[in-house]
Structure formats: structure tokens, C-alpha cells
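Let me begin by presenting the structure, written as C-alpha cells, before commenting on it.
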Amino acid sequence: MLSNLIITNQRFVVIIDDTAQEKIAHNILCQLLREQGQDEKSTIKTLPFSTDLKNWSTFINFYKKCANDESKCNAILPPLADLLCYQSVEKIIYFVHRLQQCEQVQRIFLWVTQANLVHPHADYLVGAFEYQADLVLHLETSNTLSIVTRKTGGGVSNKKYTYTKTKNEFLVEAIRNVPKTTPAPKATSTTTTNTPGTTFKIELNEDEMVARNTLKLPYEKTSETNESSIIYTPDDGDDFDEEEEDPDDDLCI
Amino acid sequence: MAASVLFACGLNEQKLPKFVHISEESNCDGSFLFSCILGQRLRISNAGTVLVCLQHNYQHYFHAGMRLGYNVNIFLDKTLNVVDPLTDMAEKGMASKWLQDERQVTTLLLDGIRDYISASAAQRISTTILVDNLAILLNLGATKEEIIQLCHELAELPKQYKNLAVITKLSNCDLYAPIDNCVAKLGTLRIRATQLKSGVSRDVDGKLLIERELAANSVKEAGEELEALQNGGYELEQMRKEVLYKVNDRNIKIINPGELGVKV
């Protein structure tokens with residue numbers, strides 16, 4: 001389940017969505033938290049989207065609500081596209097930073113859909129939040145996602161998964177690591193579509209691509225040699241000149 | 001005249017979805033949809049309509065209506081109220097209130113709509129707000145953020161007034177795609193007017209891609225609708241439909257994909 005990978009010790013979770021699921025972002029996040037035993041009445045705090053977001057006091061009140069709570073809570077923020085309509089980038093980053101510092105806030109969730117950002121430098125903005133995040137879930141396509149986790153010791157892991165989801169389940173399966181000796185399969189090769197009208201399969205999936213790249217054909221060199229050498233085994237009949245003189249010295253040319 | 005296109009889009013019923021967004025691609029005109037919806041709303045007895053003319057002025061809708069078989073002048077200032085910045089600017093020039101302060105354009109528009117709604121919504125069985133091309137607000141000096149804020153405010157109106165629906169339209173060229181996405185997610189029905197990928201056809205002007213949320217469609221009561229949206233899990237249940245259209249002189253013809261072809 002995706003919730004096992006997302007609801008961890010990492011505090012600031014950024015979801016980068018390329019699949020246009022922003023409309024149900026809140027539902028998805030609540031469902032993930034519920035799967036991990038969190039409760040919407042006590043441990044899930046949502047900053048609701050409304051036109052009140054234009055008032056900075058709405059953000060301050062939400063912070064106070066989280067900070068004064070007896071139990072640690074999970075803060076779900078409105079999608080970044082909505083926040084940007086009412087507040088500046090500086091204020092949003094400041095607000096997230098304040099929530100990160102708050103001891104009572106266990107996790108913060110921010111949904112980012114780049115296609116919905118009206119900011120002129122949307123790319124930099126997404127990068128800034130990725131930099132600030134402890135965990136980045138990237139919904140890349142309708143069946144693949146990646147998770148970048150920054151651990152407290154400084155380690156970073158980047159794992160790719162395939163996923164299938166129904167209304168109540170979000171199942172993920174890790175994609176097997178590609179061996180280091182083989183080049184990574186190009187993204188374009190995995191997104192090729194079926195050629196209409198063909199009766200056989202032309203394109204390769206990821207596993208087949210890896211297998212093809214690792215296969216050594218018989219005519220390919222198996223080891224690299226830097227310099228050539230002649231290996232000669234002396235024979236009994238060999239007549240070597242032991243004085244190392246010029247063998248053609250006796251010729252009168 | 002226009003019943004088939006409204007039926008295809010799911011806009012033929014007396015009660016409309018609370019927020020409908022129409023996206024039109026570059027070089028594709030979805031104005032015919034507005035004229036069709038306007039005619040359908042005006043024909044319903046005691047149903048109020050607020051028409052915000054941004055791309056076309058009131059005269060355009062009058063002439064379009066006459067071709068489609070209805071006369072908007074009969075309903076003007078009765079069940080039809082019009083906010084027409086273009087005509088106001090043409091008549092008053094630089095003295096027009098729409099040209100005084102760029103930061104106030106969306107506020108003026110919202111105030112104009114609210115004035116009409118607050119005055120008449122209680123007396124009507126239903127009210128529909130039709131906002132023609134939102135992209136024109138950019139030309140009047142509004143920022144992208146202000147346009148989205150305006151749409152957020154418009155999307156709040158159905159919560160305040162019973163049986164109120166908002167229908168917006170936006171040209172969706174590359175520059176406006178983020179605004180289009182942000183506005184579309186406020187509603188439960190999105191209609192995209194796009195060109196044919198295969199090129200220009202004599203029989204077809206373009207195609208309509210209709211995306212309708214099933215949860216909102218099946219649940220009728222407002223409270224239950226909200227609950228249904230909140231209860232939705234990982235999957236957004238949508239009905240997607242694609243139809244081709246041909247705008248004729250006095251009607252709009254709807255064709256299913258694959259229906260046209262060489263007939264021997």
C-alpha cells in the first residue's frame with residue numbers, strides 16, 4: 001500500500017502530480033492517513049480551501065490550532081495552485097517552515113500540480129518545494145510513481161514503483177533496480193504505444209529492455225585489453241643467433 | 001435547433017450542475033454552446049439568467065438567438081439580466097467604469113453579478129450565470145490570479161443561493177492552460193471544444209469532449225453531493241464522452257464519432 005511508504009517519520013511530504021488528480025487531492029491524502037490509523041477528528045487537520053485564504057490571519061489561526069492541539073497532528077494544506085492565488089511564494093514557504101518547526105505538527109502534506117500553477121516561474125517553484133521536502137512523491141503517469149526520501153542522517157533514496165488504484169486501494173509494487181553496468185532505459189522507449197494494425201508485439205517493456213541490454217552476443221568482446229602482445233612458444237628446431245648480431249651482416253649488398 | 005447538443009452535453013435538464021466550465025482550444029469557437037444554453041434557460045418559465053458578455057456583446061446574442069429560434073429582447077430585464085462591459089466601453093469610452101482601474105475589473109464584474117442575483121434569485125425557480133470568455137479579462141488588465149479568484153467567488157454562489165448554476169467559458173491556448181485547469185476543477189462538468197486532429201472537414205467543425213463526475217450526477221441533494229465528494233477515495237469517477245459537431249446556419253448538428261464516412 002502506498003500509505004506504508006508515505007506515512008513515515010518524514011515531516012514535510014510534497015506530492016508532485018502529473019496525472020491531474022488535484023481535484024481529489026484531499027480525499028487521497030485523508031484516505032492514506034486513515035489507512036495508517038489517523039483520525040480526521042483528532043489527528044488530521046486540514047486548512048480548508050476557501051476565499052478566506054486571502055487573509056493571512058486564516059494561516060495564523062490554523063498554525064495556532066495545530067500548535068495548541070494536545071496530540072500531534074497531520075496538517076493537510078490546500079493545493080499549491082490554490083495557495084498561490086491568494087498568497088505570495090515567500091509567505092507560503094514561511095508558513096510551511098513555521099509548521100515544520102512546530103513540535104505538535106507530525107507531518108505536513110502539500111499537493112503540487114505543475115500544470116495548474118499560474119506562477120511565471122513554476123519550474124523553480126516546484127524545485128524550491130522539492131528542496132524543502134523530506135519526502136517527495138511524484139505521480140509520474142497513470143501507473144508509475146517515484147518516491148524520494150531524505151533521511152535524517154543525510155541519506156537520500158530514490159525508488160520507482162508501479163501502481164494500481166481502485167476507489168479504496170492504492171497498491172504499489174517496486175520496480176526492480178537496473179544493474180549499474182547497463183545504461184538506464186530511455187523514458188521514451190517505455191512510453192511507446194501499440195502500433196495499430198500489427199498482430200505482434202513490437203515494443204519492449206522495462207524488464208525486456210534490461211534483459212536485452214545485459215545480454216552479451218557471441219561476437220562481442222568479453223574483456224577489454226589495453227595493449228596487444230605476441231605469445232610465442234619456442235620450438236626445438238628454432239635457430240636463434242645467440243650473439244645478437246645483425247643476421248644480414250654477411251651479405252654483400 | 002440546439003436540443004441535440006444540449007442533450008449530448010447533459011445540459012438539457014431543468015436543474016444544471018452547479019458549476020460548468022467550457023474550454024475552447026485555439027482556433028475553435030465554442031460560442032455556439034453559449035447561445036444554445038441561453039436559449040434553453042430562457043425557455044424555462046420563471047428561470048432567471050445573468051449573461052456576462054465579455055467576448056461578444058449583447059447584440060451578438062440577440063442575432064444568434066434569432067437564428068436559433070428565440071428572441072432575447074423579450075426576456076431582457078425580466079428573466080434575463082445582462083452585464084455588458086464591451087457595450088459600456090464603446091458608449092462611454094475612457095469614462096467607462098471598466099477602464100478606470102485594472103485591479104477593479106473582476107471586482108466590478110462580481111459586484112454586477114451579485115446585484116442581479118440578490119435582487120431576483122429568491123423569486124426564480126432557478127438562476128443561471130453565464131460568463132462568456134474569461135480570457136478577455138486578461139485584455140482588460142486583470143491578472144491570472146484575479147480571474148481564478150473571481151471563479152472561486154462564483155463557485156461559492158451556488159452554496160449561498162438555491163438552484164443557482166454557474167457556466168464559464170475560457171479560451172484554452174497554451175498561455176491560459178493553468179487558468180483553464182484551475183477553473184475546470186471547481187466544477188463537476190467540463191466541456192472541451194477542440195478541433196479535429198485529422199484536419200478540416202466539410203461535414204464536421206470540431207469535437208466536444210465531455211467529462212462529467214458521476215458522483216455529482218447521481219446524487220441530487222446538495223448536502224449529499226458534498227458528502228459524496230468528500231467520501232470519494234483514490235479514484236475520481238468520471239463519465240467521458242466524445243461527439244462531433246457541425247454548426248449550421250440555423251441549428252447545430254451532433255454526430256457520433258465514426259458515424260460519418262464514405263457510404264457506397
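Every chain is numbered from 1, with letters handed out A, B, ... down the list of sequences.
- With rounding to the nearest 0.5 Å, the separation of CG in B:L11 from CD1 in B:I22 is 7.0 Å.
- Side-chain atoms of A:Q114 do not come within 3.5 Å of backbone N or O of A:D18 as any donor-acceptor pair.
- Heavy atoms from other residues, nucleotides or ligands lying under 6.0 Å from CD of A:E169 number 12 at most.
- Ranking A:H26, A:E22, A:H119 against chain B, the residue ahead of the rest is A:E22, based on heavy-atom pairs under 4.5 Å.
- Heavy-atom pairs under 4.5 Å with chain A were tallied for B:K185, B:E156, B:E146; the largest tally goes to B:K185.
- Ring centers of B:H152 and A:F49: under 6.0 Å apart, within the cut-off.
- Heavy atoms of A:N116 lying under 4.5 Å from chain B belong to its backbone as well as its side chain.
- Using a 4.5 Å cut-off between heavy atoms, B:A155 does not touch chain A at all.
- Atom CD of A:E173 has 12 or fewer heavy atoms from other residues, nucleotides or ligands within 6.0 Å.
- Interface remark: of the candidates A:L117, A:L53, A:T113, A:T166, A:T166 forms the most heavy-atom pairs closer than 4.5 Å to chain B.
- Here A:L32 is the residue among A:L2, A:L32, A:L84 with the most heavy-atom pairs under 4.5 Å with chain B.
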